[in-house]
Amino acid sequence: MQKMTLKAKIKQYGIKNSFKRAVKSLFRHIGIQYESFYFMVNHIDPNELKQKMERYDYSDVKELTYDDFKLGDPEVFTPEKMQLIQSRFETGKYWAYGIVEKNRLIYSTWISKNDINFSTHYKYSIKLNYNQAVLEDSYCHYNYRGMGLHSKMNLYRLNKMVSLGVNIAYAVVVVNNQPALKTQLKSNFQIRKQISFLKIWGKQYTFEKAIS
């Protein structure tokens, strides 16, 4: 299957983070994998959420379908990624929202009520209760970064969660992804713990550290 090109990775993650990802990829080739995540929680306050949402215009936001993702950058939405997207819709536990402008997908993001899986590389999951959901997998076209779309869509997803009967939201953020961490903190998320994985030649080691 087609993989994301180096050019597309730099567009999506930036030069610094792309370099770090390249180093990790190099280590993976010799059988060593390491990643560290913040596990974050938000006990949603509907009234406070509505006040924050008043700062933004949501007239351009829609619930996305599979066909909407076909309008995304093909270097990002590869056949492999599209297969994953299709499988999410088929579960009935995922909802996608975003913005399509001039027949181009410029932003997409997801709500999941499925179990939280930190990465396909590691065996570790957290089960969700009926009143819990997780924010995951946000994409912003490189021409639209720095416009506050992440903050805007974070609030939108939290509001959608409320309509789904959810009052506890979770988010998983890679430790060195400072822009994503900043967005979640602005949306009233708090870091509950740091979870790190080290995998050496197939053997996995998991480390957890509570953060108050």
Side-chain angles (χ1 to χ4, degrees), residues 35-66 68-69 84-99 107-120 122-140 147-175 177-197 206-212:
E35 195 66 86
S36 191
F37 302 88
Y38 287 131
F39 179 59
M40 308 183 73
V41 62
N42 183 341
H43 295 271
I44 305 173
D45 182 334
N47 293 325
E48 184 178 357
L49 178 60
K50 287 181 180 179
Q51 291 179 355
K52 288 187 175 183
M53 290 184 70
E54 290 176 357
R55 307 171 190 168
Y56 300 99
D57 174 17
Y58 288 99
S59 61
D60 55 349
V61 179
K62 60 175 291 188
E63 184 168 357
L64 300 178
T65 66
Y66 178 82
D68 290 318
F69 285 96
L84 173 63
I85 288 169
Q86 184 176 14
S87 68
R88 287 176 178 173
F89 280 124
E90 288 173 351
T91 67
K93 294 183 177 181
Y94 288 84
W95 295 263
Y97 305 95
I99 302 171
Y107 195 94
S108 67
T109 194
W110 293 81
I111 291 173
S112 169
K113 296 194 74 173
N114 204 6
D115 295 344
I116 301 173
N117 294 295
F118 282 62
S119 169
T120 56
Y122 309 108
K123 293 181 180 179
Y124 187 97
S125 64
I126 297 175
K127 292 189 177 297
L128 297 180
N129 294 325
Y130 72 94
N131 65 325
Q132 300 171 337
V134 60
L135 306 182
E136 65 176 60
D137 197 8
S138 296
Y139 159 79
C140 184
M147 300 174 63
L149 292 180
H150 285 308
S151 295
K152 168 180 171 174
M153 294 303 297
N154 238 33
L155 298 176
Y156 186 88
R157 286 187 293 173
L158 289 172
N159 189 56
K160 285 294 182 180
M161 284 183 174
V162 173
S163 68
L164 292 171
V166 170
N167 56 23
I168 299 177
Y170 294 117
V172 176
V173 177
V174 176
V175 166
N177 190 342
Q178 291 301 311
L181 178 61
K182 183 178 179 181
T183 296
Q184 301 300 358
L185 291 173
K186 284 173 60 178
S187 301
N188 283 358
F189 278 84
Q190 296 179 330
I191 301 173
R192 173 173 287 183
K193 57 185 173 181
Q194 182 174 335
I195 304 174
S196 303
F197 304 99
T206 304
F207 310 92
E208 296 189 27
K209 181 175 68 174
I211 298 177
S212 56

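Heavy-atom basis, side chains included; hydrogens, waters and symmetry copies ignored.
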On a heavy-atom basis, which atom in [X] and which in [Y] lie closest, and how many Å separate them?
X    : Y    : result
L64  : S108 : CD1-CB, 3.6 Å
S187 : L158 : O-CD1, 4.0 Å
L135 : M161 : CD2-CE, 3.1 Å
I116 : V172 : CG2-CG2, 3.8 Å
R88  : D137 : NH1-OD2, 2.7 Å
I44  : V166 : CD1-O, 4.0 Å

Would you compute the distance between atom [atom1] of [X] and atom [atom2] of [Y] and round it to the nearest 0.5 angstrom?
X    : Y    : atom1 : atom2 : result
Y97  : S138 : OH    : OG    : 13.0 Å
N42  : R192 : CG    : CZ    : 11.0 Å
L155 : R157 : CG    : CZ    : 10.0 Å

Assign the ring pair Y107 / H150 to parallel, tilted or perpendicular, where the plane angle (0 to 90°) is split at 30° and 60°.
perpendicular
**OP:** If the plane angle is over 60° it's perpendicular, under 30° parallel, otherwise tilted; pick one for F69 and W110.
**Re:** parallel
Kindly indicate whether the side chain of [X], heavy atoms from C-beta on, has any atom under 4.5 Å from the side chain of [Y].
X    : Y    : value
I195 : T206 : yes
W95  : K160 : no
Y94  : E136 : yes
I191 : L181 : yes

Y58 meets the ring-ring contact (aromatic ring centres under 6.0 Å, His included) criterion, sequence neighbours left out, with Y156
Sorted by chain and residue number, the ring-ring contact (aromatic ring centres under 6.0 Å, His included) partners of Y56 (sequence neighbours excluded) come out as none
Answer yes or no: are there more than 12 heavy-atom neighbours, outside [X] itself, under 6.0 Å from its atom [atom1]?
X    : atom1 : answer
F207 : CZ    : yes
Q190 : CD    : no
K193 : NZ    : yes

Side-chain donor-acceptor contact under 3.5 Å, [X] with [Y]:
X    : Y    : answer
N167 : N131 : yes
S59  : D57  : yes
K52  : N188 : yes
T65  : D68  : yes

